[in-house]
Amino acid sequence: MNLKRFGLILSLFLLITACSQPQDQALDLETLNQQLPYLAEDTFDISNVLSSVEYGKDNIFENLTDVYDYEYEEVLGINPDNVIQGTVRISPTSAQMYMVFKPVSGREEALKQELMDYVSHRILIADNDDDKKLLENALIEQNEDFTALIVSNDNQEVLDRIKNAKATLFGVLTPAEDADLETYGLNRTIVSAYAIQKPVLTSARTYLIVKPVEGHEDEVREALNSYLKRLETDYASMPQEEELVKNAMVTELDGYQIIIISKDNERVFEAIKTYLQ
């Protein structure tokens, strides 16, 4: 075999070998960092009703105001002893509203009747046909999670949004920026890309996804481990948060170093994988 032919065969072999090697994928960190903080549990959370109904989508309502628990009896005719927790939003200029309550056990039917009586009263005092029609088409929903009254132009859509009010796995987070990296013992000379969300208030829940600059992998790994140890100290007086920190997931994915502190680390990690491209 002549050298020219041998060289050609060797080049083809090297090309085929290179193509057959698995290639690292990149995470879409921008999209991930916009969406992952809102990864939700499967359980209903009444405290997230307002954001689920009114934020992030076309708002069905305009100019709604809150009615607080100490106003329930005077404004709505609802006995506060029938309610554990509620979110009540009413328009001051129209019949549009929604109310979502967690009833006291055994008081569900009493609360439902109070809502029906309230709607009947509002129909009687309605001063225009549009409001009267909305009220006549009011939706009262009662299930194992909540009791709700909805008066809107799209009651089913509002109900669907209420049902989607779920607690997030992280709670409230805020994105870290370059100026925050030193908090983690990092800087842009050793980090080529990152998605980090900082916990807010008294929560330890967070995630750090860091792509080290080539050759600085060990330095980044050491910095993240040191940060995790510091969190254990910071939350030592808060048993629930300390437990989350101790159960943190520390892992790697296609060159990204990852720390997850949440209510369900495995679920978060599986969600992160979906942003590989």
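Remember, it's a predicted structure, so these values are computed and weren't measured experimentally.
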Short side-chain donor-acceptor distance under 3.5 Å, Tyr194 and Asp178:
yes
What's the shortest heavy-atom distance between Glu41 and Thr168, and which atoms?
OE2-O, 3.9 Å
Where is the tightest heavy-atom contact between Asn265 and Met249, given as atom of each residue plus distance?
ND2-N, 3.5 Å
More than 12 heavy atoms of other groups within 6.0 Å of Glu270 CD:
yes
Taking atom CD of Glu222 as the centre, does the number of heavy atoms from other residues, nucleotides or ligands within less than 6.0 Å exceed 12?
no
Trace of the side chain to side chain contact (heavy atoms under 4.5 Å, CB included) decision for Thr183 with Arg230:
CA-CA 11 Å; Thr183 304; Arg230 191 163 74 249; 4.3 Å; yes
Side-chain contact test, heavy atoms from C-beta onward, threshold under 4.5 Å: evaluate it for Asp264 versus Leu39 and give yes or no.
no
Given Asn82, which of Glu114, Lys112, Glu109 fulfils the side chain to side chain contact (heavy atoms under 4.5 Å, CB included) condition?
Glu114
Within the 4.5 Å heavy-atom criterion, are Arg107 and Thr147 side-chain neighbours or not?
no
Group every Ile, Leu, Val, Met, Phe, Trp and Tyr by side-chain heavy-atom contacts under 4.5 Å, then state whether Ile90 and Leu111 land in the same group.
yes
State plainly whether one hydrophobic cluster holds both Leu231 and Val210, where clusters connect Ile, Leu, Val, Met, Phe, Trp and Tyr through side-chain heavy atoms under 4.5 angstrom apart.
yes
Ile78 and Val88, any side-chain heavy atoms less than 4.5 Å apart:
no
Test log, rule side chain to side chain contact (heavy atoms under 4.5 Å, CB included), inputs Thr189 and Val213:
CA-CA 7 Å; Thr189 64; Val213 171; over 6 Å; no
Under 3.5 Å: donor-acceptor pair, side chain of Asp254, backbone of Gln25:
yes
Would you confirm whether Ser192, through its side chain, and Lys211, through its main-chain N or O, come within 3.5 Å as a donor-acceptor pair?
yes
Would you call the rings of Phe146 and Phe44 parallel, tilted or perpendicular, where under 30° means parallel and over 60° means perpendicular?
tilted
If Ile, Leu, Val, Met, Phe, Trp and Tyr residues are connected whenever their side-chain heavy atoms lie under 4.5 Å apart, and connections chain through other members, are Val100 and Val104 in the same group?
no
Test item: Ser262 and Arg267 side chains (from C-beta on) under 4.5 Å apart, heavy atoms
no
Looking at Gln257, is its backbone amide N or carbonyl O close enough to the side chain of Arg221 to form a donor-acceptor pair, meaning the two atoms are under 3.5 Å apart?
no
Given the rule in the side chain to side chain contact (heavy atoms under 4.5 Å, CB included) test, do Ile196 and Asp180 qualify, once you have shown the distances and angles that lead to the verdict?
CA-CA 10 Å; Ile196 298 174; Asp180 300 308; over 6 Å; no
What I'd like to find out is whether the side chain of Gln96 reaches to under 4.5 Å of the side chain of Glu62, using heavy atoms alone.
no
Is there a side-chain contact between Asp69 and Tyr72, using heavy atoms and a 4.5 Å cut-off?
yes
Taking the six-membered ring for Trp and the full ring for Phe, Tyr or His, determine whether the centres of Tyr275 and Tyr256 are under 6.0 Å apart.
no
With a cut-off of 6.0 Å (strictly less than), are more than 12 heavy atoms of other residues, nucleotides or ligands near CD of Gln34?
yes
Does any part of the side chain of Val53, heavy atoms only, come nearer than 4.5 Å to the side chain of Thr87, both counted from C-beta?
no
Can you name the nearest heavy-atom pair linking Gly86 to Phe101, along with the distance?
CA-CD2, 3.9 Å
Quick one: pull up CD1 in Ile162 and CD1 in Ile150 and give me the separation to the nearest 0.5 Å.
4.0 Å
Gap separating the CD atom of Glu141 from the CG atom of Leu159, nearest 0.5 angstrom
5.0 Å
Say whether, by atom type as modelled, one donor and one acceptor occur between the side chain of Ser203 and the main chain of Val200 under 3.5 angstrom.
no
Using a 6.0 Å cut-off, check whether atom CG of Asp129 has over 12 heavy atoms from anything other than its own residue.
no
Might you point out which heavy atoms bring Phe269 and Ile258 nearest each other, and give the distance in Å?
CE1-CD1, 4.0 Å
Once you round to the nearest 0.5 Å, how far does CG of Asp28 lie from OG1 of Thr274?
9.5 Å
Could you tell me whether the side chains of Tyr207 and Asn33 share a donor-acceptor contact shorter than 3.5 Å?
yes
pair Leu76-Met99: side-chain heavy atoms closer than 4.5 Å
yes
Side-chain (Arg205) to main-chain (Leu173) donor-acceptor, under 3.5 angstrom
no
Mind listing the closest non-hydrogen atom pair of Leu186 and Ala223 along with its distance?
CD2-CB, 3.7 Å
Is there a chain of hydrophobic side chains (I, L, V, M, F, W, Y, each step under 4.5 Å between heavy atoms) that links Leu134 to Phe61?
no
Verify whether one side chain among Asn155 and Ser152 offers a donor that lies under 3.5 Å from an acceptor in the other.
yes
If you round to the nearest 0.5 Å, how far is CD1 of Ile259 from CG of Asn225?
6.5 Å
If I take atom CZ from residue Phe170 and atom OG1 from residue Thr206, how far apart are they, to the nearest 0.5 angstrom?
7.5 Å
Within a radius of less than 6.0 Å around NZ of Lys166, do more than 12 heavy atoms belonging to other residues, nucleotides or ligands occur?
yes
Kindly give the heavy-atom pair with the smallest separation between Ile190 and Gly185, and that separation in Å.
CD1-O, 4.3 Å
Any side-chain to backbone donor/acceptor pair from Glu243 onto Glu241? Under 3.5 Å, distance only.
no
Considering residues, nucleotides and ligands other than Lys273, do more than 12 of their heavy atoms fall under 6.0 Å from its NZ?
yes
Exceeds 12 heavy-atom contacts within 6.0 angstrom, atom NZ of Lys132:
no
Taking the side chain from Ser52 and the backbone from Arg161, do they hold a donor-acceptor pair closer than 3.5 Å?
yes
Kindly work out whether a path of hydrophobic side-chain contacts (I/L/V/M/F/W/Y, heavy atoms less than 4.5 Å apart) joins Tyr68 to Val75.
no
Could you tell me the separation between the NZ atom of Lys229 and the CG atom of Asp234, rounded to the nearest 0.5 Å?
14.5 Å
